[in-house]
Amino acid sequence: MAKKLEYYKVTPIERIKDVFEIAVKEAGSKTAFMFRKNKQDCEVSYNEFYDDIKYLGTSLCEMGFEKMHIANIGANSYDWINVYMSVVLGEGVYVPVDKELPLQDIINIINDSDSEVFFYTSRYEKDFMENADQMPNIKYFIGIDREEDEGKFLSYKKFKEMGKKLYLEGDRRYDALESDLDKLKVLVYTSGTTGNAKGVMLSERNIVSNCYYGLQVATIISRCLSVLPMHHTYEGVIALMASLHVHTTICICSSLKAIVKDLPYYKPDYIFLVPAFLELFYKKIWSNIEKQGKTGLIKTMLKVTKALRKVGIDLRRVVFKQIHEVFGGNLREIVCGGAPIRPEIAQFFTDIGIDVINGYGITECSPLVSVNRPDFMNDPTTVGFVLPNLEIKFENVLEDGQGEICVKGGSVMLGYYKQPELTAEVLKDGWFNTGDYGMFNDKNQLMITGRKKNLIVLRNGKNIFPEELEDIILSIPYVMEAIVYSIKDDDGLEDALGCQVFLSEETVKEMNIENPKEQITKDIAEKFAELPAYKHISEVIVRDHEFVKTTTNKIKRNCIDQ
């Protein structure tokens with residue numbers, strides 16, 4: 001008889017405010033955040049964090065901003081989180097803005113979102129001052145790093161101090177604010193890897209539902225390193241909101257470049273990543289192993305420790321201690337989302353004692369849809385078990401049983417902001433058409449096979465998801481990035497497949513590859529030899545620069561010629 005998934009017990013919450021009131025009651029003196037500011041190590045308790053939220057929220061009330069659309073842009077920081085939580089706990093609408101966007105895209109989002117207040121960091125000071133007239137709805141720009149007020153450009157420090165003074169004197173306007181749970185609360189602009197930006201409307205109920213039911217399926221331990229951009233719901237809801245609800249300590253990594261230093265410094269036991277970063281870690285580890293001439297030894301020890309585990313002896317963290325120290329020595333889980341994980345990578349990390357937990361989410365679902373569990377049939381070739389508040393069905397099912405994933409339930413968005421026609425295309429009778437294709441395995445775990453928009457239909461009628469073939473190409477040690485595409489014949493029909501690859505110059509040299517184009521063409525042909533002929537690659541292009549990517553390291557397929 002098949003095992004049945006038992007859900008974790010989670011303290012019920014109805015509003016986002018409940019997360020903080022419960023945390024203060026149960027773990028008020030515990031450290032909520034650790035971070036560096038002005039080269040100083042900082043720690044903030046749950047009590048202090050909730051106070052900071054109230055101080056900033058009181059300032060919003062004093063200035064009449066409490067019901068406005070409020071935008072925020074900048075690198076991951078405690079101040080960024082403070083603004084985020086102060087807005088969502090009030091009656092306003094929070095608009096997180098991607099810090100990597102070009103200036104004109106930022107301006108377009110600010111105008112489309114109807115934002116009236118804009119928090120920003122010093123990186124944007126000059127641009128915003130010079131282009132303030134292009135954002136006519138913004139009443140005030142509040143500079144996180146500003147020391148003084150100047151016209152409509154205000155100092156964050158002074159702004160927050162004003163609220164602190166009022167709150168300590170007894171002003172409780174902010175505490176009394178309460179939003180309609182089913183009205184717009186967070187407006188997230190997303191363009192994915194193709195198409196223009198869309199404003200995804202999420203309600204407070206959407207976010208709370210995703211947090212509460214996500215924790216019934218997901219495993220969160222005690223100390224997290226927050227790495228991914230917080231303006232994404234993956235980090236903003238799951239890594240932040242859900243972690244706060246179980247009272248973990250969140251260590252803030254200020255940039256992706258700082259992760260190598262921050263892992264051994266903060267010593268987290270879990271971290272949220274996208275598969276692209278896991279791939280980089282994996283290839284770097286094996287590159288270092290090969291440099292040290294220990295490839296044979298490590299492969300032997302992987303077999304030995306696997307055999308010992310079968311008889312109840314687990315020595316992985318001892319035998320592979322040197323690798324664990326790179327990650328801080330305490331890392332037990334890497335939670336991944338955003339794309340499939342190559343099985344051999346997940347297996348390697350499992351074999352050295354770090355569980356890779358693969359999940360599936362999409363911004364329009366707040367974002368988590370399904371996730372694996374380390375303690376219950378963890379299978380990284382799948383994206384795990386669907387949250388208990390969601391239903392899944394498949395449309396446009398192909399011959400092999402895979403179809404477009406449609407999701408219904410409390411986490412599904414309200415729609416796209418000011419785009420009713422686009423909303424109607426993807427949201428029908430409460431069912432959200434994700435644009436992703438997949439199917440369930442025999443254990444009821446969801447499997448993602450590819451994006452509907454990426455599906456290649458050859459003139460012979462064969463359906464190909466390029467992601468499947470890209471994973472095969474990425475298994476070649478010196479390949480860093482790969483995209484598979486269709487080649488059209490004279491009639492404009494998709495007739496064959498080609499690929500573009502970006503290679504690791506360092507690994508190419510280490511492997512003494514004299515002619516990279518010739519070698520990669522040969523290696524791809526060998527990898528694809530046992531696949532059906534229609535899946536073979538007939539054209540290989542070696543790029544001299546990386547692909548254009550989103551801020552979560554997904555390649556923008558509509559920019560592959562750039």
Side-chain angles (χ1 to χ4, degrees), residues 8-11 13 16-54 56 75-86 88-89 207 211-212 214-215 218-230 232-256 258-273 277 317 324-337 354-355 357 368 371 374:
Y8 295 127
K9 292 183 179 179
V10 183
T11 303
I13 48 176
I16 296 173
K17 187 178 289 186
D18 295 341
V19 172
F20 296 92
E21 292 184 345
I22 292 168
V24 166
K25 181 179 178 181
E26 297 180 352
S29 60
K30 182 179 179 180
T31 299
F33 294 99
M34 298 176 68
F35 55 96
R36 293 191 192 95
K37 187 171 184 179
N38 300 325
K39 299 183 179 180
Q40 297 293 316
D41 292 329
C42 303
E43 291 190 19
V44 177
S45 70
Y46 276 89
N47 284 331
E48 291 167 331
F49 181 40
Y50 199 24
D51 285 343
D52 281 341
I53 289 171
K54 291 177 179 179
L56 187 56
N76 290 4
S77 70
Y78 176 71
D79 293 321
W80 192 100
I81 299 168
N82 200 173
V83 175
Y84 169 34
M85 296 303 176
S86 295
V88 297
L89 262 68
I207 295 167
C211 176
Y212 174 66
L215 285 169
T219 307
I220 289 182
I221 316 174
S222 60
R223 180 176 290 200
C224 171
L225 181 63
S226 179
V227 175
L228 298 175
M230 291 176 178
H232 285 281
T233 49
Y234 181 35
E235 193 75 8
V237 175
I238 304 304
L240 287 181
M241 198 78 74
S243 293
L244 290 170
H245 188 42
V246 291
H247 320 332
T248 63
T249 295
I250 299 170
C251 306
I252 302 171
C253 182
S254 59
S255 71
L256 295 174
I259 188 173
V260 176
K261 293 187 300 181
D262 282 355
L263 279 166
Y265 183 80
Y266 289 116
K267 304 183 186 306
D269 46 33
Y270 73 102
I271 185 172
F272 290 82
L273 291 176
F277 289 108
R317 301 187 74 85
H324 280 272
E325 286 175 349
V326 173
F327 295 98
N330 295 328
L331 192 66
R332 292 162 56 190
E333 287 184 10
I334 297 176
V335 184
C336 267
I354 299 173
D355 289 317
I357 312 300
L368 192 62
V371 67

Picking from Val19, Leu244, Asp52, what satisfies side-chain contact (heavy atoms from CB on, under 4.5 Å) with Met85? Leu244
Rounded to the nearest 0.5 Å, how far apart are OG of Ser77 and CE of Met230? 7.0 Å
Do any N or O atoms from the side chain of Tyr234 and from the backbone of Leu273 form a donor-acceptor pair under 3.5 angstrom? yes
Nearest-0.5 Å distance, CG of residue Leu240 to OG of residue Ser226: 5.0 Å
Kindly indicate, with the supporting measurements, whether the criterion side-chain contact (heavy atoms from CB on, under 4.5 Å) is fulfilled by Ile238 and Val371. CA-CA 12 Å; Ile238 304 304; Val371 67; over 6 Å; no
Identify the two heavy atoms, one from Phe49 and one from Val44, that lie closest to each other, and give their separation to 0.1 Å. N-CG1, 3.6 Å
Which pair of heavy atoms, one from Phe327 and one from Ile354, lies closest together, and at what distance? CD1-CD1, 4.2 Å
Output the distance between atom NZ (Lys267) and atom CD (Glu325), rounded to the nearest 0.5 Å. 8.0 Å
Return the CD to CD1 distance between Glu235 and Ile81, rounded to the nearest 0.5 Å. 8.5 Å
Check the pair Tyr270 / Thr219 against side-chain contact (heavy atoms from CB on, under 4.5 Å), numbers first and verdict last. CA-CA 9 Å; Tyr270 73 102; Thr219 307; over 6 Å; no
Minimal non-hydrogen separation, Ala23 against Tyr46, with atom names: CB-CD2, 3.5 Å
Give a yes or no on whether the backbone of His247 and the side-chain of Lys30 come within a donor-acceptor separation of less than 3.5 Å. yes
Heavy-atom donor-acceptor pair, Asn76 side chain to Leu228 backbone, under 3.5 Å: yes
Output for pair (Glu333 CD, Ile357 CD1), nearest 0.5 Å, gives 5.0 Å
Could you tell me whether the side chain of Asp269 and the main chain of Arg332 form a donor-acceptor pair under 3.5 Å? no
Taking the side chain from Ser86 and the backbone from Ile53, do they hold a donor-acceptor pair closer than 3.5 Å? yes
Shortest non-hydrogen contact between Leu225 and Ile271, atoms and distance: O-CG1, 3.5 Å
Within the supplied structure, the quantity of interest is the number of heavy atoms (other residues, nucleotides, ligands) at a distance under 6.0 Å from Arg36 CZ; does it exceed 12? yes
Lys17 NZ/CZ over Phe20 ring centroid, <6.0 Å and within 45° of normal: no
Take the angle between the ring planes of Phe35 and Tyr78 and call it parallel below 30°, perpendicular above 60°, tilted in between. parallel
Of the options Arg223, Glu48, Glu43, which is the one that meets Thr31 in a side-chain hydrogen bond (donor to acceptor under 3.5 Å, both in side chains)? Glu43
Could you pull out the closest heavy-atom pair between Tyr84 and Met241, with the gap in Å? OH-CE, 3.6 Å
With rounding to the nearest 0.5 angstrom, report the NZ to OH distance, Lys25 to Tyr50. 13.5 Å
Would you indicate whether the side-chain heavy atoms of Lys54 and Leu89 approach each other to under 4.5 Å? no
Applying side-chain contact (heavy atoms from CB on, under 4.5 Å) to Val326 and Leu263, what does each step give before you reach the verdict? CA-CA 7 Å; Val326 173; Leu263 279 166; 5.9 Å; no
Hey, mind stepping through His245 and Leu215 against side-chain contact (heavy atoms from CB on, under 4.5 Å) and telling me if it holds? CA-CA 9 Å; His245 188 42; Leu215 285 169; 3.7 Å; yes
Any idea which heavy atoms bring Cys224 and Phe272 closest together, and the distance? SG-CD1, 4.2 Å
